[in-house]
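Counting begins at 1 with the first residue of the sequence.
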Amino acid sequence: MSGEVLNAQDGNGTVNRVIRMGTRKSQLARIQTDYVAEKLKTLYPDVHLEIVAMSTIGDKILDTALSKIGEKSLFTKELENALERNEVDLVVHSLKDLPTTLPNGFTIGAVLQRESPHDAVVLHPKNSGLTLDTLPDGSVIGTSSLRRAAQLKKRFPHLEFKDIRGNLNTRLKKLDEKEDYAAIILAAAGLKRMGWEARVSQVLGPEDCMYAVGQGALAVEVRARDCDILEMVSTLHHSETVLRCIAERAFLRRLEGGCSVPVAVNTEVKDSVLSLTGAVYSLDGADSLKEAMETNVDPGNKLESAADIQHVGVTAHNVPQCAQVAAEKLGVDLADLLLSKGAMEILTTARKLNDAR
């Protein structure tokens with residue numbers, strides 16, 4: 001453990017451990033961090049948690065599309081710098097913000113149970129009662145995601161899609177107070193965590209819009225060498241979410257995807273079978289490749305010792321290694337299948353067109 005962890009005395013003179021949790025400053029990030037803190041407090045009542053909030057590149061650059069900034073760790077770099085300097089002991093992220101390859105010395109020590117990973121439509125109040133299907137021709141839909149735009153352009157050709165940036169509060173304000181957008185697309189999980197479920201007009205199923213890798217899941221990033229912190233947060237792992245997200249992250253990493261290219265997934269675990277559907281799209285959605293695969297993640301009677309093996313950045317001692325290996329292989333195999341059918345050409349073209357915009 002880092003030698004800089006503080007101690008705090010309570011009213012009885014008892015010394016309690018202080019764990020500093022890093023987070024972004026946005027309201028949603030704070031809500032998510034408080035949620036993780038509550039879980040840890042319940043499990044470890046003697047630990048004193050201190051929350052350290054900071055701004056990231058993604059929070060500061062608000063006039064440029066995320067896909068154009070050209071930085072993979074838009075919402076994580078400053079937090080990881082603080083982790084590296086021992087200023088914080090763990091960091092809470094939305095898993096979809098974390099690159100599939102983490103900096104050396106870091107690992108994802110916990111992946112919590114996933115909220116709905118789907119995207120949601122939030123309509124301008126004047127369009128109440130409508131859906132994407134029934135909005136008038138030429139209606140402008142706001143989204144900062146190439147993945148959402150690519151899928152929805154093809155599915156709803158009568159709509160137009162434009163970038164919208166800012167945190168959830170900012171985007172909802174832009175929607176409500178101006179006439180620029182008929183609706184915006186946001187992650188259903190974020191709206192639920194903010195207590196704004198009443199604003200959701202429509203949840204988009206995989207037939208309309210498959211979701212981003214890791215969407216809806218929270219991750220706790222720690223220094224890999226801090227065995228006690230790693231052990232502490234590992235109790236938060238949710239096995240099914242871990243396996244789904246390992247498969248998704250392995251798929252994305254093999255494709256060398258990121259926020260600058262449209263890649264989408266859909267996963268589920270049923271009766272110990274993990275299924276993964278993955279797709280790549282051109283920017284306008286006209287060109288796409290989509291395939292599905294499944295694998296068995298039942299560990300059977302295998303007894304395994306806890307291993308410090310990372311699977312696409314995740315260390316999960318309490319999830320059977322053989323299941324994690326199978327999940328990672330599933331992601332790689334599905335990506336290889338798409339690559340054999342020409343996925344790299346679609347992604348390379350998408351990247352070049354996005355860079356030229």
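- Annotation: salt bridge (Lys or Arg N to Asp or Glu O under 4.0 Å) contacts of R147 (sequence neighbours excluded): D119.
- In this structure, D89 pairs ionically with R223, as a charged nitrogen and a carboxylate oxygen lie closer than 4.0 Å.
- Take T348 and apply the side-chain hydrogen bond (donor to acceptor under 3.5 Å, both in side chains) test, not counting sequence neighbours, and it matches no residue.
- Y281 shares a hydrophobic cluster with M210; the chain of contacts runs through ILVMFWY side chains whose heavy atoms sit under 4.5 Å apart.
- Residues in residues 120-132 take part in these salt bridge (Lys or Arg N to Asp or Glu O under 4.0 Å) pairs, two or more places apart or across chains: K126-E179.
- Take K192 and apply the salt bridge (Lys or Arg N to Asp or Glu O under 4.0 Å) test, not counting sequence neighbours, and it matches E115.
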Taking distance alone, no hydrogens or angles, what donor-acceptor pairs closer than 3.5 Å link side-chain atoms of residues 285-294 to residues at least two apart or in another chain?
unit_1	atom_1	unit_2	atom_2	d
E291	OE2	K341	NZ	2.7

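- Residues that satisfy the side-chain hydrogen bond (donor to acceptor under 3.5 Å, both in side chains) test with R199, not counting sequence neighbours, are D176.
- With sequence neighbours excluded, no residue forms a side-chain hydrogen bond (donor to acceptor under 3.5 Å, both in side chains) with H237.
- Y35 meets the side chain to side chain contact (heavy atoms under 4.5 Å, CB included) test with K39, L112, L218; sequence neighbours excluded.
- No donor-acceptor contact under 3.5 angstrom links the side chains of N167 and R24, judged on distance only.
- Qualifying side-chain hydrogen bond (donor to acceptor under 3.5 Å, both in side chains) partners for E221, counting only residues two or more places apart in sequence or in other chains: H93.
- A search for salt bridge (Lys or Arg N to Asp or Glu O under 4.0 Å) contacts involving D34 returns nothing, not counting sequence neighbours.
- Here ring-ring contact (aromatic ring centres under 6.0 Å, His included) pairs that include residues 136-191, with residues two or more places apart or in two chains, number zero.
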